[in-house]
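Right, one structure below, let's go through it.
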Amino acid sequence: KMAAAAGAAAGLWSEVNRCGQNGDFARALKSVNKILQINKDDVTALQCKVVCLIQNGNFKEALGIINTHTKVLTSDVIAFEKAYCEYRLNRIESALKTIQSASQQTDKLKELYGQVLYRLERYDDCLAAYRDLIRNSQDEYEEERKTNLSAVVAAQSTWEKVVPEDLGLREATYELCYNSACALIGQGKLNEAMKKLQKAEELCRQSLSEDSDVTEEDIEAELAIIHGQMAYIMQLQGRTEDALQLYNQIIKLKPTDVGLLAVIANNIITINKDQNVFDSKKKVKLTNAEGVEHKLSKKQLQAIEFNKALLAMYTNQADQCRKLSASLQSQSPEHLLPVLIQAAQLCREKQHAKAVGLLQDFADQHPANAAEIKLTMAQLKIAQGSVTKACMILRSIEELQHKPGMVSALVTMYSHEEDIDSAIEVFTQAIQWYQQHQASQTRGPKSPVHLSLIREAANFKLKHGRKKEAISDLEELWKQNPKDVHTLAQLISAYSLVDPEKAKVLSKHLPSSDTMSLKVDVDALENSHGATYVRKKAAKLTGDNQQKEQGQGEVKKKKKKKKGKLPKNYDPKVTPDPERWLPMRERSYYRGRKKGKKKDQVGKGTQGSTTTGSELDASRTASSPPTSPRPGSGAAVSAASNVIPPRHQKPAGAPATKKKQQQKKKKGAKGGW
């Protein structure tokens, strides 16, 4: 029986060997299981089973076998396989412990060690590990190691803002070009990075087009990550429309890399901001895909979570926003963004006082970040109209009190509140800070910033009538530059109100008129194009003015008072009628005209005027003559110029009436239809 078992085992081992060489690990696993039925503690068979399971992607089952046979499969025997299973199952800390506990550090373990350190974002240790591998290894995987080394340098530049060192690598592959571009992006060299990415795209197309089995869709899928980085550069450069178009093209390709999709979706959300929130809500689902947390760095994942909280705020999901921001704050207690998001949400809910209190508590708990928080608090106070309180908050930021920007902001705000004394105090404190700082370092001339502050302080005091207070500043400026005539003139002006004698003494330092006279060729200046134009214009204006004056004189001559014409029947002995300016019908002595005459029945008013509604009667025939409207009736009255003013009216008579009718006829004929 033992001989038969040994013979069967030998045949099975031959099958395992043949399947392993052919890459058929599924059949090899079946043969290994049969061997283990013969001897369940066969170390070699257990090792082969673990390898077959790893090759088939069954990492969890392989790790289970390793853990259940610890007595047989010791760490010396199976350390690499165990660490690799843990690495592929994203148990990175456990993989690191397994590697470090191995008694012998083989090349395979060192390679895996470098990968583990990269995933843990321990870039300095990772760089050292890959350098050691490249130095001590000579095989066909050297190009892959150099690619990994360049990836570590790119990560340092991007996430730790470390200036990358020149590794001296020949960028012959698109992976090396891509990593070099990422390092340049970390340094802010966007144009150079774009050129590197274009070169990487070209190399990628050349490399993949050599394989006849690779389709255009496969090439585009491989280029997706390069195009994604190009779009990111466009976004950083402010070309958001171009970036958005390229991002959407990548999403349409439906790449299998969930990490790439998550980053692109996050970047689109940042472009949308508080606009197009419906699109952002769809894109945020891509950031929640399974496995994303294992594909991205910690800072990338954190940025995605921040944007989720902001999107919740923009979509008025207050509870969700508070929940996400609180979670982020618990994960990163010293980070500014979570508390700023919470404060912004409170402001949207009109709870400004509560938002300021929240920011104040954070500033008290984290003094290192207090400056940025207090700036936000001051902004909220200004929005509420409490400018003085905002100034108090800003002045409490000691590390920024002397900065020119802070001084300018405070002085502007105090001036708006008409608190000139506080504004001058801000200048004084800033100048004193520079004096103390300079005294502790050097005894040389004052710094340009220091002198600029002194000059601004002096100008501010002079502008607001504080000449006496400006004297010390002006003297300091003149002392630093005795040739500054402008400062000397300001100083003399200030002393003239306080100490006239001192002003006279200082005025002796002013340059004489001879030294200040400019050597100017008067003839050349007068003959220049500009001077000619000015002379012509002046001459033209003078001529126009003279014409106007002459014209006005002529008008004055014409405006002679003429003797008024008197009526023909005027009698100087008779007192004029006091009601002569009123129409005849409105005079007190008017008694009306005699009835029964057709002449009197003609309607008064302009031609075409209508009668009142009370005079229209359906019982009358069409030929019945219209009656004249009575004084004060509702007849329509035209404002035509045919009505003769009262002072020009003549006594009623046949000749006048005929003449008037002739005038009306002429006018009617003139304006025919």
Side-chain angles (χ1 to χ4, degrees), residues 59 63 75 78-137 141-169 175-176 178-188 225 229 232 257-260 262-263 266 291-306 328 330-335 337 368:
F59 304 109
L63 188 60
S75 60
I78 204 82
F80 173 76
E81 287 78 4
K82 183 182 180 182
Y84 186 75
C85 287
E86 290 170 336
Y87 173 77
R88 293 300 300 270
L89 292 168
N90 297 307
R91 303 173 186 177
I92 310 301
E93 293 288 350
S94 299
L96 180 64
K97 290 179 182 177
T98 301
I99 294 170
Q100 291 175 338
S101 63
S103 58
Q104 186 180 359
Q105 295 294 318
T106 61
D107 288 342
K108 291 191 298 182
L109 277 173
K110 288 179 181 178
E111 297 274 5
L112 184 58
Y113 181 59
Q115 294 282 355
V116 168
L117 291 173
Y118 184 82
R119 287 284 299 277
L120 291 171
E121 300 182 20
R122 292 170 53 179
Y123 299 123
D124 292 336
D125 296 336
C126 184
L127 194 65
Y130 276 117
R131 277 182 168 163
D132 180 63
L133 279 168
I134 292 171
R135 193 183 302 115
N136 300 316
S137 301
Y141 298 110
E142 184 178 359
E143 199 69 40
E144 282 78 359
R145 294 190 187 99
K146 288 180 179 179
T147 301
N148 290 346
L149 184 66
S150 66
V152 176
V153 172
Q156 282 183 316
S157 174
T158 304
W159 308 122
E160 296 181 351
K161 302 303 177 185
V162 175
V163 179
E165 56 182 300
D166 187 4
L167 300 173
L169 300 176
E175 292 95 345
L176 283 168
Y178 174 82
N179 289 337
S180 177
C182 292
L184 289 170
I185 292 172
Q187 298 176 73
I225 190 168
Q229 206 68 289
Y232 176 60
D257 188 349
V258 293
L260 174 62
V263 169
N266 174 76
V292 168
E293 66 276 11
H294 306 306
K295 291 284 186 177
L296 304 179
S297 67
K298 291 177 183 176
K299 288 192 175 181
Q300 285 175 312
L301 293 170
Q302 192 179 58
I304 289 172
E305 292 301 313
F306 286 145
L328 286 166
S330 63
Q331 294 170 15
S332 305
E334 295 184 359
H335 207 289
L337 274 180

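This is a predicted model, so every value here is computed, not measured.
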Of all heavy-atom pairs between [X] and [Y], which one has the smallest distance, and what is that distance?
X: Leu117; Y: Ala129; answer: CD1-CB, 4.4 Å
X: Ser332; Y: Gln302; answer: OG-NE2, 3.0 Å
X: Gln105; Y: Lys110; answer: O-CE, 3.8 Å

Looking at [atom1] of [X] and [atom2] of [Y], how far apart are the two atoms once the value is rounded to the nearest 0.5 Å?
X: Ser150; Y: Asn148; atom1: OG; atom2: CG; answer: 7.5 Å
X: Thr147; Y: Leu169; atom1: OG1; atom2: CG; answer: 8.5 Å
X: Ile78; Y: Thr98; atom1: CD1; atom2: OG1; answer: 11.5 Å
X: Ile99; Y: Leu109; atom1: CD1; atom2: CG; answer: 6.0 Å

Exercise for the section: Let me see the working for Val292 and Leu301 under side chain to side chain contact (heavy atoms under 4.5 Å, CB included), right down to the final yes or no. Expected result: CA-CA 9 Å; Val292 168; Leu301 293 170; 4.2 Å; yes
Problem - salt bridge (Lys or Arg N to Asp or Glu O under 4.0 Å) contacts in which one or both residues fall within residues 143-158, not counting sequence neighbours - result: Glu111-Arg145, Asp139-Arg145, Glu142-Lys146
N/O donor to acceptor pairs below 3.5 angstrom from side-chain atoms of residues 156-164, sequence neighbours left out:
{"residue": "Gln156", "atom": "NE2", "partner": "Asp124", "partner atom": "OD1", "Å": "2.7"}
{"residue": "Ser157", "atom": "OG", "partner": "Ala183", "partner atom": "O", "Å": "2.8"}
{"residue": "Thr158", "atom": "OG1", "partner": "Ala154", "partner atom": "O", "Å": "2.9"}

Practice task
Begin from the C-alpha positions of Arg119 and Asn90 and carry the test side chain to side chain contact (heavy atoms under 4.5 Å, CB included) through to its verdict.
Solution key: CA-CA 9 Å; Arg119 287 284 299 277; Asn90 297 307; 2.9 Å; yes
Close side-chain approach of [X] to [Y], heavy-atom, < 4.5 Å:
X: Asn179; Y: Leu149; value: no
X: Arg131; Y: Arg135; value: yes
X: Gln229; Y: Tyr232; value: yes
X: Tyr130; Y: Gln115; value: yes

For [X], what residues pass the side-chain contact (heavy atoms from CB on, under 4.5 Å) criterion, not counting sequence neighbours?
X: Glu305; value: Lys308, Leu324, Leu328
X: Arg88; value: Phe59, Tyr84
X: Lys295; value: Asp257, Val258

Exercise for the section: Check the side chains of Ser297 and Glu121 for a donor-acceptor pair under 3.5 angstrom, ignoring hydrogens and angles. Expected result: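 No.
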Contacts of type side-chain hydrogen bond (donor to acceptor under 3.5 Å, both in side chains), residue [X], not counting sequence neighbours:
X: Gln100; answer: none
X: Thr106; answer: none
X: Gln331; answer: Ser327
X: Arg91; answer: none

Practice task
Tell me, with the steps shown, if Leu120 and Leu96 meet side chain to side chain contact (heavy atoms under 4.5 Å, CB included).
Solution key: CA-CA 9 Å; Leu120 291 171; Leu96 180 64; 3.7 Å; yes
Handout entry: Pairs meeting criterion ring pair (Phe, Tyr, Trp, His ring centres under 6.0 Å) with involvement of residues 87-120, two or more places apart
Key =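 For residues 87-120, and leaving out neighbouring residues, the ring pair (Phe, Tyr, Trp, His ring centres under 6.0 Å) pairs sorted by first residue read Tyr118-Tyr123.
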Practice task
With sequence neighbours excluded, tell me which residues meet ring-ring contact (aromatic ring centres under 6.0 Å, His included) with His294.
Solution key: none
Problem - Polar side-chain atom of Asn136 near backbone of Asp132 as donor-acceptor pair, under 3.5 Å - result: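 Checking the backbone N and O of Asp132 against the side chain of Asn136, a donor-acceptor pair under 3.5 Å is found.
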